[in-house]
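All residue numbers in this chain count up from 1 along the given sequence. What you see is a predicted model, and the numbers here were worked out from it, not measured in a lab.
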Amino acid sequence: NTAGSSSGGSASLAGTPLVFVGGFGTDPILTYELNKTTGALTPHGEPTDAGSRPACMAVDAARAHLYVCNEDGGAAGGLTAFSIGNAGALTKLNHRSGSNQGFTALGISPNGKLIAGADYDGGSASTFALMADGSLGAETGAALFSEGAQSHYVAFDPSGKYLLVTTKGARAVQQLLLDETGKLTPNAPPSVAAESGTAAKRGRQRTICANS
């Protein structure tokens with residue numbers, strides 16, 4: 001996130017990109033200033049508790065909110081929303097769980113009104129409303145794929161009418177129709193098979209979110 005580009009941004013950091021780094025287990029979110037000339041990272045502020053297994057992150061188009069997926073199979077799993085304040089400080093807004101709990105990836109719709117998560121262990125995908133204040137609204141849609149599908153990544157198409165979900169276990173890309181309310185229904189065909197050997201191994205590492 002580029003501090004100063006969103007409303008209420010810090011003048012002292014105007015034009016200086018901030019890099020948010022997630023993790024796994026009980027890792028907090030770490031924030032760094034990015035020197036665009038040298039590429040050097042400098043620690044900035046204090047670590048932020050983002051809940052259990054903050055495995056993936058995304059910043060909204062206004063660069064005013066950070067969203068984190070919590071890859072936890074219990075009640076701690078789901079999505080967590082933060083506002084990005086002056087000097088890049090993160091303030092937790094709320095947390096939402098879906099029909100299945102843990103998410104490994106997330107995506108924000110082109111119009112900024114919906115956010116989607118891919119649930120690896122549950123083999124599903126969910127959509128949630130994004131409220132005017134940046135907080136997470138209720139789950140608006142859910143799609144459960146075959147047993148062992150292992151949903152690994154989720155993305156909206158540029159029109160915002162379709163949601164694509166890669167399923168590592170099923171070796172396929174799931175194709176879903178998306179209406180204005182965020183309801184999900186299978187497209188025709190509902191999935192497209194991937195070539196053998198294209199599935200990536202699931203790993204545990206920190207994730208990075210940065211907008212320059």
Side-chain angles (χ1 to χ4, degrees), residues 22-25 27 50-59 67-81 95-130 136-209:
F24 212 74
D27 292 336
S52 179
R53 302 184 179 186
C56 184
M57 296 176 290
V59 174
Y67 299 97
V68 178
C69 56
N70 300 108
E71 191 179 344
D72 188 300
L79 300 175
T80 303
H95 173 88
R96 290 278 188 177
S97 294
S99 297
N100 284 307
Q101 305 301 330
F103 292 109
T104 60
L106 54 81
I108 299 173
S109 65
N111 65 7
K113 295 182 178 180
L114 295 169
I115 189 167
D119 176 21
Y120 186 92
D121 291 329
S124 66
S126 296
T127 51
F128 300 81
L130 287 179
L136 297 159
E139 184 180 53
T140 60
L144 179 62
F145 309 120
S146 60
E147 183 177 354
Q150 298 176 327
S151 303
H152 202 265
Y153 192 78
V154 62
F156 292 88
D157 85 301
S159 74
K161 297 179 179 179
Y162 306 97
L163 186 70
L164 304 176
V165 184
T166 58
T167 44
K168 176 176 173 285
R171 294 188 179 276
V173 177
Q174 310 295 329
Q175 303 187 118
L176 299 166
L177 295 171
L178 187 72
D179 70 13
E180 293 182 355
T181 69
K183 181 181 178 181
L184 297 170
T185 55
N187 200 355
S191 65
V192 176
E195 294 182 8
S196 178
T198 57
K201 180 182 289 186
R202 185 190 189 196
R204 295 186 176 184
Q205 69 263 353
R206 285 188 176 273
T207 57
I208 298 175
C209 184

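- Summarising the geometry, atom CD belonging to Glu180 is positioned 10.0 Å from atom CG belonging to Leu114; distances are rounded to the nearest 0.5 Å.
- Although no hydrogens or angles enter the test, the distance criterion places no donor-acceptor pair under 3.5 Å between the side chain of Ser97 and the main chain of Gly78.
- Pairing each heavy atom of His95 with each of Thr80, the nearest pair is ND1-OG1, 2.9 Å.
- The two residues Thr104 and Ser151 have their closest heavy-atom pair at OG1-O, 3.5 Å.
- Judged by distance alone, with hydrogens and angles left aside, the side-chain atoms of Asn70 form no donor-acceptor pair with the main-chain N or O of Asp72 at under 3.5 Å.
- Every side-chain contact (heavy atoms from CB on, under 4.5 Å) that Thr127 has, sequence neighbours left out, goes to Ala116, Thr140, Leu163, Leu178, Leu184.
- Here the closest non-hydrogen pair linking Gly25 and Pro54 is O-CD, 4.1 Å.
- Residue Ser146 holds its OG atom at 6.5 Å from CD of Gln174, rounded to the nearest 0.5 Å.
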May I have the list of side-chain donor-acceptor pairs in residues 185-194 shorter than 3.5 Å, sequence neighbours left out?
none

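- When all heavy atoms are compared, the tightest approach of Ala142 to Ser99 is CB-OG, 3.6 Å.
- In this view, Leu164 and Val173, Gln175 satisfy the side-chain contact (heavy atoms from CB on, under 4.5 Å) rule, not counting sequence neighbours.
- Phe128 CZ to Ile108 CD1: the interatomic distance, rounded to the nearest 0.5 Å, is 13.5 Å.
- Closest approach of Leu106 and Ala58 over heavy atoms only: CD1-CB, 3.0 Å.
- Distance alone, capped at 3.5 Å, is enough to place a donor-acceptor pair between the Arg96 side chain and the Gly137 backbone.
- Atom CG of Asp121 sits about 11.5 Å away from atom CZ of Phe103, to the nearest 0.5 Å.
- In this view, Ser126 and Glu139 satisfy the side chain to side chain donor-acceptor pair (under 3.5 Å) rule, not counting sequence neighbours.
- Residues Pro158 and Pro110 share a closest heavy-atom pair of O-CG, 3.4 Å.
- Rounding to the nearest 0.5 angstrom, the gap separating the CG atom in Leu130 from the OG atom in Ser109 is 6.5 Å.
- Residues that satisfy the side chain to side chain donor-acceptor pair (under 3.5 Å) test with Thr166, not counting sequence neighbours, are absent from this structure.
- Within 6.0 Å of CZ on Phe156 lie more than 12 heavy atoms contributed by other residues, nucleotides or ligands.
- Every side chain to side chain donor-acceptor pair (under 3.5 Å) that Thr181 has, sequence neighbours left out, goes to Asp179.
- To the nearest 0.5 Å, the span separating CD on Glu71 from OG on Ser52 amounts to 9.0 Å.
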